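Being a predicted model, the structure only gives us computed values, none of them experimental. Throughout, a chain's letter reflects where its sequence line sits, starting with A, and its residues are numbered from 1.
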There are 2 protein chains.
Amino acid sequence: MDEGATRRDRQRAATLADIKAVARRLLVSGGVGAVGLRAVARELGLTPPALYRYFPSHEALVTALIADLYDELTGALMELQAADTDADLGARLFLLTNGLRDWALAHPSEFALLFGTAIPNPDAKDHADTPGHQAAMRFGAVFKDLVAQIWHWKPFPYPADEDLGPVLLAQLQQETEEFQGMPAGAIYLALSYWVRLYGLICMEVFGQLHWVLPDAGAYFEAQLREIGEELGLDCPPPE
Amino acid sequence: MDEGATRRDRQRAATLADIKAVARRLLVSGGVGAVGLRAVARELGLTPPALYRYFPSHEALVTALIADLYDELTGALMELQAADTDADLGARLFLLTNGLRDWALAHPSEFALLFGTAIPNPDAKDHADTPGHQAAMRFGAVFKDLVAQIWHWKPFPYPADEDLGPVLLAQLQQETEEFQGMPAGAIYLALSYWVRLYGLICMEVFGQLHWVLPDAGAYFEAQLREIGEELGLDCPPPE
DNA sequence: GTTAACAGTTAACGCTGTTCACTGAGACAC
DNA sequence: GTGTCTCAGTGAACAGCGTTAACTGTTAAC
């Protein structure tokens, strides 16, 4: 297994894993602000400069943590999907979306790190090859694939091109091969559903729904059911 | 005007305003991380401990800034509303929602501070009397009033109580006097529209829509028009 | 067996928020 | 008008942060 890996390489990989594990623990217990270079070193019995043999800066450590968390979340969703033996796409929509919400509620600190505050610089292409960005794309692909599968299995009604307006139509048509051939109107709907569900989860986790809904679970369920019906899917029984 | 205000009181109020102005400038130019106690003091020609005569901590300064920003945003929306002479509620929906989006896009740092990351502690009542929280409620009331006005002017179709499920129904009915007597189903719809529009603005400002929409303006317009139609309002002409 | 690479340490720099003891000037009472 | 008291502001210091430089000892490689 570790052929060609010298003793040092193995130990290096081990401490690197330790660093990330400690960083994760600090994140969970104290939020993003608690994962500091010195705090990680202290918890590992190392001196702060030692960590610079593993990460070029504090930001790099956090970035690596973000990438790992994206992959962990994606993995959890894929696992959920794999355990779902029957190919009912309605059930799969509920499974994945509820899975995302459950993960977010169970890991609020991690969720806040991933989705809380985002890209400060609006330049799109300069950080497109970052591991964190790629992991984010893999996460997004889970739901992009799901909606494409639903579409190709049983196309749902969608607004005509004329109803979208020329500007929006042109933007959406540019994404048609990213969405496996779906027409602009269908992509428009998919995006609308994503904003509703994803936005709802963010607002719930970040406490921006407390003023009206102490527990947003029932509301989320209702919204999800509404979307499932609009997509023409068989929704799982309530409760 | 300043009767009863001694010379000291006036100077104190002036420097307090200066502190907030500098903090605001630093926030705009460098984001939340740039508004530091020492940085503010440096820019004012003061020593850092001097600021402790005005704010008990760094967090208090940021909190005060948040409250001011909420009030500024609310004020900008109210002004927009006041300039809208005709009482067409469809036009007012477009005016206020586009106004919110415009403010967010014009002041991304401020918007990020207000809505980016939120309440870390899920306890609801311990910070309910904070000035920032009250300012946030005043902001929310703008849109809550709008939807209540629309409802009382021309009630829109809404889901029946039986379709909401008992749990959700009970939660929504508890808010019926907060929404000036609107039934649970109407509150359900209003909340859904708010999540769509507010979530869309957040995702646009925080760059979580770049991967599919380089410019979300047309999409926002389409969503807003869709909601206006569902509310049975006369939408302003496109473009 | 020599040499080079590398994990890790110590010391230090500049930065942050915060506290304490102190100074000087405006406000108020007699 | 003098005395007292409050209060804005200063200077020095502390603990903590991310980061760098010079150095030590162990490990892999030729």
Side-chain angles (χ1 to χ4, degrees), chain A residues 1-27 29-66 109 113 117 120 132, chain B residues 1-27 29-66 109 113 117 120 132:
Chain A
M1 177 181 287
D2 46 1
E3 55 171 328
T6 161
R7 207 163 314 177
R8 266 224 286 238
D9 290 354
R10 261 177 287 131
Q11 182 141 357
R12 177 175 179 84
T15 46
L16 206 156
D18 284 350
I19 292 175
K20 293 211 241 184
V22 168
R24 170 69 179 274
R25 242 182 40 219
L26 290 173
L27 171 68
S29 66
V32 200
V35 43
L37 219 45
R38 290 183 117 98
V40 172
R42 199 180 308 129
E43 204 109 345
L44 281 170
L46 292 179
T47 53
L51 298 186
Y52 283 82
R53 302 283 159 188
Y54 298 89
F55 295 97
S57 71
H58 170 63
E59 187 190 347
L61 201 170
V62 177
T63 298
L65 189 55
I66 289 178
S109 294
L113 179 59
T117 308
Chain B
M1 179 182 286
D2 43 3
E3 56 173 324
T6 161
R7 208 162 315 178
R8 268 224 286 237
D9 290 355
R10 262 178 287 130
Q11 182 141 355
R12 178 175 178 83
T15 47
L16 206 157
D18 284 351
I19 292 175
K20 294 210 240 186
V22 167
R24 171 69 180 273
R25 243 181 41 220
L26 290 173
L27 170 69
S29 66
V32 198
V35 43
L37 219 46
R38 290 184 116 98
V40 172
R42 201 178 307 130
E43 205 109 346
L44 281 170
L46 292 179
T47 53
L51 299 187
Y52 282 82
R53 301 283 158 185
Y54 298 89
F55 296 98
S57 71
H58 170 63
E59 187 190 346
L61 201 171
V62 177
T63 298
L65 190 56
I66 289 178
S109 293
L113 180 59
T117 308

Atom pairs and distances, donor-acceptor, side-chain atoms in residues 18-26 of chain A, under 3.5 Å, two or more places apart:
{"residue": "A:Lys20", "atom": "NZ", "partner": "A:Asp68", "partner atom": "OD2", "Å": "3.0"}
{"residue": "A:Arg24", "atom": "NE", "partner": "A:Glu110", "partner atom": "OE2", "Å": "3.0"}
{"residue": "A:Arg24", "atom": "NH1", "partner": "A:Glu72", "partner atom": "OE1", "Å": "2.6"}
{"residue": "A:Arg24", "atom": "NH2", "partner": "A:Glu72", "partner atom": "OE2", "Å": "3.1"}
{"residue": "A:Arg24", "atom": "NH2", "partner": "A:Glu110", "partner atom": "OE2", "Å": "3.0"}
{"residue": "A:Arg25", "atom": "NH2", "partner": "A:Glu43", "partner atom": "OE2", "Å": "2.4"}

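- If you walk DNA chain D from 5' to 3' and mark each nucleotide with an atom closer than 4.0 Å to a heavy atom of chain A, the marks span D:dC17 to D:dA28.
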What donor-acceptor contacts under 3.5 angstrom involve side-chain atoms of residues 47-54 of chain A, with partners at least two apart or in another chain?
{"residue": "A:Tyr54", "atom": "OH", "partner": "A:Thr15", "partner atom": "OG1", "Å": "2.8"}

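- For residues 56-66 of chain A, no pair satisfies side-chain hydrogen bond (donor to acceptor under 3.5 Å, both in side chains), with sequence neighbours left out.
- Annotation: the span from A:Leu27 atom CG to A:Ile66 atom CD1 amounts to 9.5 Å, rounded to 0.5 Å.
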Anything under 3.5 Å between a protein N or O and an N or O of nucleotides 27-30 of chain C, put it in a table, one pair a line.
{"residue": "C:dA27", "atom": "OP1", "partner": "B:Thr6", "partner atom": "OG1", "Å": "2.0"}
{"residue": "C:dA27", "atom": "OP1", "partner": "B:Arg7", "partner atom": "N", "Å": "2.7"}
{"residue": "C:dA27", "atom": "OP1", "partner": "B:Arg8", "partner atom": "N", "Å": "3.0"}
{"residue": "C:dA27", "atom": "O5'", "partner": "B:Thr6", "partner atom": "OG1", "Å": "3.3"}

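- Residues from residues 50-66 of chain A that place a heavy atom under 4.0 Å from any atom of DNA chain D, listed by number: A:Tyr52, A:Ser57, A:His58.
- In this structure, A:Gln11 atom CD and C:dA7 atom C1' are separated by 9 Å, rounded to whole Å.
- Under the rule for a side chain to side chain donor-acceptor pair (under 3.5 Å), B:Gln11 has no partner lying at least two apart in sequence or in another chain.
- Considering only residues two or more places apart in sequence or on other chains, A:Ala34 meets the side-chain contact (heavy atoms from CB on, under 4.5 Å) condition with none of them.
- Not counting sequence neighbours, B:Ala13 has no partner by the side-chain contact (heavy atoms from CB on, under 4.5 Å) test.
- Listed by residue number, B:Arg38 are the residues of residues 30-44 of chain B with a heavy-atom contact under 4.0 Å to DNA chain D.
- Looking at residues two or more places apart in sequence or on another chain, you find a side-chain contact (heavy atoms from CB on, under 4.5 Å) between A:Arg8 and A:Thr6.
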